[in-house]
Amino acid sequence: MDARRAFDEIPDPNPVIVTAMASGYVRNNLVYHSLELFRAMIASDSASVVDEAAALVAFSASARVPDRGVTASLHALIAKIGFERNAGVVNTMLDSYAKGGSRDLEVARKVFDTMERDVVSWNSMIALYAQNGMSAEAIGLYSKMLNVGGGIKCNAVALSAVLLACAHAGAIQTGKRIHNQVVRMGLEENVYVGTSVVDMYSKCGRVEMASRAFRKIKEKNILSWSAMITGYGMHGRGQEALEIFTEMKRSGLRPNYITFISVLAACSHAGLLDEGRYWYNAMKQEFGIEAGVEHYGCMVDLLGRAGCLDEAYSLIKEMKVKPDAAIWGALLSACRIHKNVELAEMSVKRLFELDASNSGYYVLLSNIYAEAGMWKDVERIRLLVKTRRIEKPPGYSSFELKGKIYLFYVGDKSHPQHIEIYSYLEKLLERMQEAGYVPNTGSVLHDLDEEEKESALRIHSEKLAVAFALMNSVPRSVIHIIKNLRVCSDCHTAMKFITKITEREIIIRDLQRFHHFKDGLCSCRDYW
DNA sequence: TTAGGGTTAG
């Protein structure tokens, strides 16, 4: 590096020069070299020569390395040289605690609570919560900022951070409130805020609102377009996703690695087999983008679900990158749809070599055996789960009522209204069965007798959440449910009957995509 | 010759 040679020739570099050198390292991703300079400063006890700028550069460097020790020694240094009240320096430290490898949000919060906060401090803390999936904390802190923030007003940065939290939680009511604030502040055209609004509405099930917000963004960048493509894709509206993609290219923007993940995922959700194949090839030939593991994942999913299991398997075999668990998982999932036990067993073998701790794969394989009536193998998998001490993340569904998020776990009885919810659900099930609903017991894991299987299905979290929503929401309003796993096929069928009987619209976001249930039909046309 | 916070996939 030329800069380093020049730096070494300076006999007694002052802090300005040291800082410039360190910052050069950070820009070139040579973070450790940068930190080395600051370590030397700390060690030589020359704290007096470290100025504010140097401390800022040091912390932004430490935010990029997984070394909590560095952040901690810098933390000690700023106290020593009297920068602990300097908002600029402390804000950067706050960020480095949470963004460095330690992901130490608790320490970050402690720093936040004791510092003299300015608008950047609030925004950083809200963003850190939002980026780490702690939506309730992010939304709560945003409200706190407006109420007790000592006159701090929200700005574009706070809005995009809190919108991310709403998107993650599927908090449509809060999201709409924030959107109103965006409109009042005239920030609809802002590319950061606008893109966040698009993302929020997409992930809260309102793709039309997302589209309207998208049109208002003045200078759309690649992220705005990708967000809109993803939005249509998640809702199974593959053709519209492709139209946006075409429009993006016409506007002069070049699609990148992530854009193609959005495009291929959209094809996969909508079952657009030919289009998916076409864009997969064009990605390399026309745009020079080498397929990454995520693109292969989309293609295996697309081919597999369309029933081209052999082609999906061949694609995996010819991959230039090492297939990861998600790839074999996509094939396994396709094996379930097309009831291919043999290929499923092979996929699982490869899966367990990569990641034997993920409960999802055991459940999937067990379901495949169960649907094939191979109960002995189901039992074998259950034992494996036990002996390997595999922990299942509990399945839950959530529903937002008057701005508050209610969570329902499988068989949940913790809700104060649970007796009413269960009896409401019983009555609903009776009416559904009169209308022709037959519980699909094939999706039950355990080797239970038929009656037991039926009662196991009744208490799935999405059914509980929908019952609660029907009991408490405004009549005729659309019901939004967020689920942390995939919807099972019985719940999918049940929702269709529920919309028919109650004449209500239900939108469920699961781990993969959206299902819009209306008048006894689902937007996915049962392709999922 | 230096300086803190925000948006896209799965």
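All values below come from the heavy atoms of this structure, side chains included, with hydrogens, waters and symmetry mates left out. Proteins come first, then strands; the chains are lettered A, B, ... in the order of their sequence lines, and each starts at number 1. What you see is a predicted model; the values in this text were computed from it and never measured.
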Query raised in the report: Base, sugar-phosphate, or nothing: which does A:Val193 touch, judged by heavy atoms less than 4.0 Å apart?
Result: base
Query raised in the report: Between A:Asn221 and A:Ser224, is any side-chain donor less than 3.5 angstrom from a side-chain acceptor?
Result: yes
Query - Residues within residues 198-211 of chain A bordering DNA chain B, heavy-atom distance below 4.0 Å - result: A:Asp199, A:Lys203
Requested in this report: Have a look at A:Thr195 and say if it touches a base, only the backbone sugar-phosphate, or nothing, with a 4.0 Å heavy-atom cut-off.
Outcome: base
Query raised in the report: With a 4.0 Å cut-off, would you call A:Arg5 and A:Asp2 a salt bridge?
Result: yes
Requested in this report: Name every residue in residues 141-156 of chain A that has at least one heavy atom under 4.0 Å from any atom of DNA chain B, in order of residue number, or write none if there are no such residues.
Outcome: A:Asn155, A:Ala156
Report task. Grab the NE2-P distance between A:His269 and B:dA9 for me, whole Å please. Result -> 11 Å
Requested in this report: Can you sort out the partners of A:Glu286 under salt bridge (charged side-chain N to carboxylate O under 4.0 Å, His left out), two or more places apart, ordered by chain and number?
Outcome: none
Requested in this report: Tell me which residues in residues 274-293 of chain A put a heavy atom below 4.0 Å from DNA chain B, sorted by number, or none.
Outcome: none
Query raised in the report: Pairs in or reaching into residues 154-179 of chain A: which pass ring pair (Phe, Tyr, Trp, His ring centres under 6.0 Å), with residues at least two apart or in two chains?
Result: A:His179-A:Tyr201
**Report entry** Atom pair distance, as rounded to whole Å: CG in A:Leu159 and C1' in B:dG6
**Finding:** 10 Å
Query raised in the report: How many Å lie between CH2 on A:Trp225 and C1' on B:dT8, as a whole number?
Result: 14 Å
Requested in this report: Could you tell me whether the side chains of A:Tyr257 and A:Glu294 share a donor-acceptor contact shorter than 3.5 Å?
Outcome: yes
Report summary line: From CD1 of A:Ile258 across to C1' of B:dT7 the rounded distance in Å is 11 Å
Query raised in the report: In residues 177-191 of chain A, which residues come under 4.0 Å of DNA chain B by heavy atom?
Result: A:Asn190, A:Val191
Report task. Rounded off to whole Å, could you give me the CG-to-C1' distance for the A:Leu223 and B:dG6 pair? Result -> 11 Å
**Report entry** A:Tyr232 OH - B:dA9 P separation (whole Å)
**Finding:** 16 Å
Query raised in the report: Can you find a heavy atom in the side chain of A:His480 that is under 4.5 Å from one in the side chain of A:Glu400?
Result: no
Report summary line: Whole-Å distance, A:His168 NE2 to B:dA9 P, equals 12 Å
Query raised in the report: Should the heavy atoms of other residues, nucleotides or ligands under 6.0 Å from CZ of A:Phe287 be counted, would the total exceed 12?
Result: yes
**Report entry** Option from A:Asp199, A:Thr195, A:Ile178, A:Val198 for which side-chain contact (heavy atoms from CB on, under 4.5 Å) with A:Leu163 holds
**Finding:** A:Ile178
Report summary line: Sorted by chain and residue number, the salt bridge (charged side-chain N to carboxylate O under 4.0 Å, His left out) partners of A:Arg350 (sequence neighbours excluded) come out as A:Glu353
Query raised in the report: So what does A:Ala265 touch, heavy atoms closer than 4.0 Å: a base, only the sugar-phosphate, or nothing?
Result: sugar-phosphate
Requested in this report: Scan A:Val119 against the nucleic acid and name what it touches under 4.0 Å (heavy atoms): base, sugar-phosphate only, or nothing.
Outcome: base
Requested in this report: Taking the six-membered ring of A:Tyr97 (Phe, Tyr or Trp), confirm whether the NZ or CZ of A:Lys99 is under 6.0 Å from its centre and within 45° of its axis.
Outcome: no
Query raised in the report: For A:Gln131, which contact category applies under a 4.0 Å heavy-atom criterion: base, sugar-phosphate, or nothing?
Result: sugar-phosphate
Query raised in the report: Can any side-chain N or O of A:Ser121 pair as donor or acceptor with the backbone N or O of A:Asp118 at less than 3.5 Å?
Result: yes
Requested in this report: Please state how far atom CE in A:Met248 lies from atom P in B:dT8, giving the value in whole angstrom units.
Outcome: 16 Å
Report task. Under 4.0 Å between any heavy atoms, over every strand shown, what does A:Leu511 touch: base, sugar-phosphate, or nothing? Just pick one. Result -> nothing
**Report entry** Within 45° cone and under 6.0 Å: A:Arg117 NZ/CZ vs A:Phe112 ring
**Finding:** yes
**Report entry** Qualifying salt bridge (Lys or Arg N to Asp or Glu O under 4.0 Å) pairs with a residue from residues 182-194 of chain A, counting only residues at least two apart or across chains
**Finding:** A:Glu188-A:Lys216, A:Glu189-A:Lys218
Report task. Could you tell me the separation between the CG atom of A:Leu128 and the CZ atom of A:Arg109, rounded to the nearest 0.5 Å? Result -> 11.0 Å
Would you tabulate the nitrogen or oxygen pairs shorter than 3.5 Å linking the protein to nucleotides 1-3 of chain B?
from  : atom 1 : to      : atom 2 : distance (Å)
B:dT2 : O3'    : A:Ser23 : OG     : 3.4

Report task. Kindly state each residue pair satisfying side chain to side chain donor-acceptor pair (under 3.5 Å) with at least one member in residues 142-153 of chain A, sequence neighbours excluded. Result -> none
**Report entry** By salt bridge (charged side-chain N to carboxylate O under 4.0 Å, His left out) - contacts of A:Arg277 (at least two apart)
**Finding:** A:Asp274, A:Glu311
Requested in this report: Classify the nucleic acid contact of A:Asn256 as base, sugar-phosphate or nothing, counting any heavy atom under 4.0 Å across all strands shown.
Outcome: nothing
Requested in this report: Using a 4.0 Å heavy-atom cut-off across all strands, classify A:Ala158 as base, sugar-phosphate, or nothing.
Outcome: nothing
Report task. Keeping to residues at least two apart or across chains, list the ring pair (Phe, Tyr, Trp, His ring centres under 6.0 Å) pairs with something in residues 207-239 of chain A. Result -> A:Phe214-A:Trp225, A:His235-A:Phe514, A:His235-A:His516
Query - Nearest listed nucleotide, side chain of A:Ser160, among B:dG6, B:dT7, B:dT8 - result: B:dG6
